[in-house]
Colleague: 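The structure follows.
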Amino acid sequence: MAHDVIVLGVFAGDAIFEAARLPVMGETLLGDSFSLGPGGKGSNQAIAAAKAGANTAIITRLGDDAFGQLAHDTWEQAGVVPLVRVMPDESTGAAFIYLEKGSGRNAIIVCPGAATGLAGEDMDAQAEAIGGAKVFVTQLEQPLEAAQRGLEIARAAGVTTILNPAPAQHLTDEMLALCDILTPNESETEILTGLPVRTLEEAEAAAYALHQRGPKHIILTLGENGALWYDGQHMRTIDPMEAGPVVDTTGAGDAFNGGLAAGLASGADMRESLKFATAVAAISVTRKGAGLAMPSYADVAQFLNRSNM
Ligand code: RIB
């Protein structure tokens, strides 16, 4: 069966520590809360897309361990189909999440584990699934080689490609030209372009510079300020949305990317899909955790309806 959205990316077991501040080197700090839950940018994006109504599959590698089991259980519940290689001698990805009490901001260290071995061959093995999809999405937690091969296969088959360049790293023009849609946040944009992104004017200049390097659409996410969309002709701002008090921003970018993929896969145009993605992200930050914070299609529809949007 063909899938509408195929995500290449990493699953990580997120160990979330909430505290007033980060400890300094050599210090032990008493925290406020701890929880363990599903994370990893690729998995979060796949869950967001599936819960938003898209028939979604994820390509990744897992270990044969407790976090690997957590991945399978989480995907089964969310309706994500695993196209997964289990590596018996390796561990599943894991992440340390520092959650700042009160603000919902975070700092993250992620170890992709078995997914560090994802390569072009994993993508070639799933070429039929990728080619049969409507939208292919990836990020940069797994090796670039796998991301590039996935984008190449998708582009050759006419599948819409989304690259969420997180965590940021320098990319070749060849890779950027394979992207229909590039979705960096402010800091990722600064790394990709070498330009500052502190004001709307600076964000517009950076979006223009990125577009010159090949992607058809630049969607620069601006956190609580919404997003900027440049398609080579028009520079448009996408208004932010508020769905309630912000408790945890972990995975907000993933919610946005998954929502965008689901919107586009449903046949909605870019403007509608960006509105949908913004709503998915707005709801996700009102809930704790990453994968577990993704809203259902009904939640999003109800929120947009209530907000008259
Ligand atoms: O984008 C948030 C995610 O980044 C977390 O779930 C963590 O696992 C890291 O991959």
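Numbering of ligands and ligand atoms starts at 1, following listing order.
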Colleague: Using a 4.0 Å cut-off to any heavy atom of G40, which atoms of ligand 1 qualify?
Modeller: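 The list of qualifying atoms is 5 (C), 6 (O), 7 (C), 8 (O), 10 (O).
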
Colleague: Is there a side-chain contact between T28 and P23 (heavy atoms, below 4.5 Å)?
Modeller: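 Of all side-chain heavy-atom pairs linking P23 with T28, none is under 4.5 Å.
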
Colleague: Would you say Y208 has more than 12 foreign heavy atoms packed within less than 6.0 Å of its OH?
Modeller: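 Atom OH in Y208 is not crowded, with 12 or fewer foreign heavy atoms closer than 6.0 Å.
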
Colleague: Closest by any non-hydrogen atom to atom 7 (C) of ligand 1: pick that one out of D254, V110, V10, D14.
Modeller: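 That would be D14.
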
Colleague: Measure up the W75 and F11 rings against each other and bin them: parallel (under 30°), tilted (30 to 60°), perpendicular (over 60°).
Modeller: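 Taking F11 first and then W75, their aromatic rings stand perpendicular (interplane angle over 60°).
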
Colleague: Below 4.0 Å from any atom of ligand 1, is there a heavy atom belonging to G253?
Modeller: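 No; G253 lies far enough from ligand 1 that no heavy-atom distance drops under 4.0 Å.
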
Colleague: Could you walk me through whether I283 and V300 satisfy the side-chain contact (heavy atoms from CB on, under 4.5 Å) test, starting with their C-alpha distance in whole Å, then the side-chain angles of each, then the deciding distance to 0.1 Å, before giving a yes or no?
Modeller: CA-CA 8 Å; I283 298 171; V300 183; 4.2 Å; yes

Colleague: Could you check whether the rings of H211 and Y230 sit parallel, tilted or perpendicular, using 30° and 60° as the cut-offs?
Modeller: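 Because their plane-to-plane angle is over 60°, the rings of H211 and Y230 count as perpendicular.
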
Colleague: Tell me the contacting part of N44 for ligand 1: side chain, backbone, both, or neither, using a 4.0 Å heavy-atom threshold, strictly below.
Modeller: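 For N44, only side-chain atoms sit under 4.0 Å from ligand 1.
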
Colleague: List ligand 1 atoms under 4.0 Å from A95, heavy atoms only on the residue side.
Modeller: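 The list of qualifying atoms is 7 (C), 8 (O).
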
Colleague: Do M87 and L62 pass the side-chain contact (heavy atoms from CB on, under 4.5 Å) test, and can you show the C-alpha distance, the side-chain angles, and the key distance before you say yes or no?
Modeller: CA-CA 6 Å; M87 313 302 288; L62 300 173; over 6 Å; no

Colleague: Give the residue and atom name of whichever protein heavy atom lies nearest to atom 4 (O) of ligand 1, and the separation in Å to one decimal.
Modeller: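 Protein heavy atom with the smallest distance to atom 4 (O) of ligand 1: K41 NZ, 3.2 Å.
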
Colleague: Keeping the roles fixed (side chain from Y98, backbone from R21), state whether a donor-acceptor pair exists under 3.5 Å.
Modeller: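 A pair under 3.5 Å: yes.
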
Colleague: Counting from 1, what ligand 1 atoms have a heavy atom of A290 closer than 4.0 Å?
Modeller: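 Counting from 1, the qualifying ligand atoms are 6 (O).
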
Colleague: At less than 4.0 angstrom from any non-hydrogen atom of A12, what atoms of ligand 1 do you find?
Modeller: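 Per the distance check, 8 (O).
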
Colleague: Output the list of atoms in ligand 1 that are nearer than 4.0 Å to some heavy atom of E141, sorted by atom number.
Modeller: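 Listed by number with element, the hits are 4 (O), 9 (C), 10 (O).
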
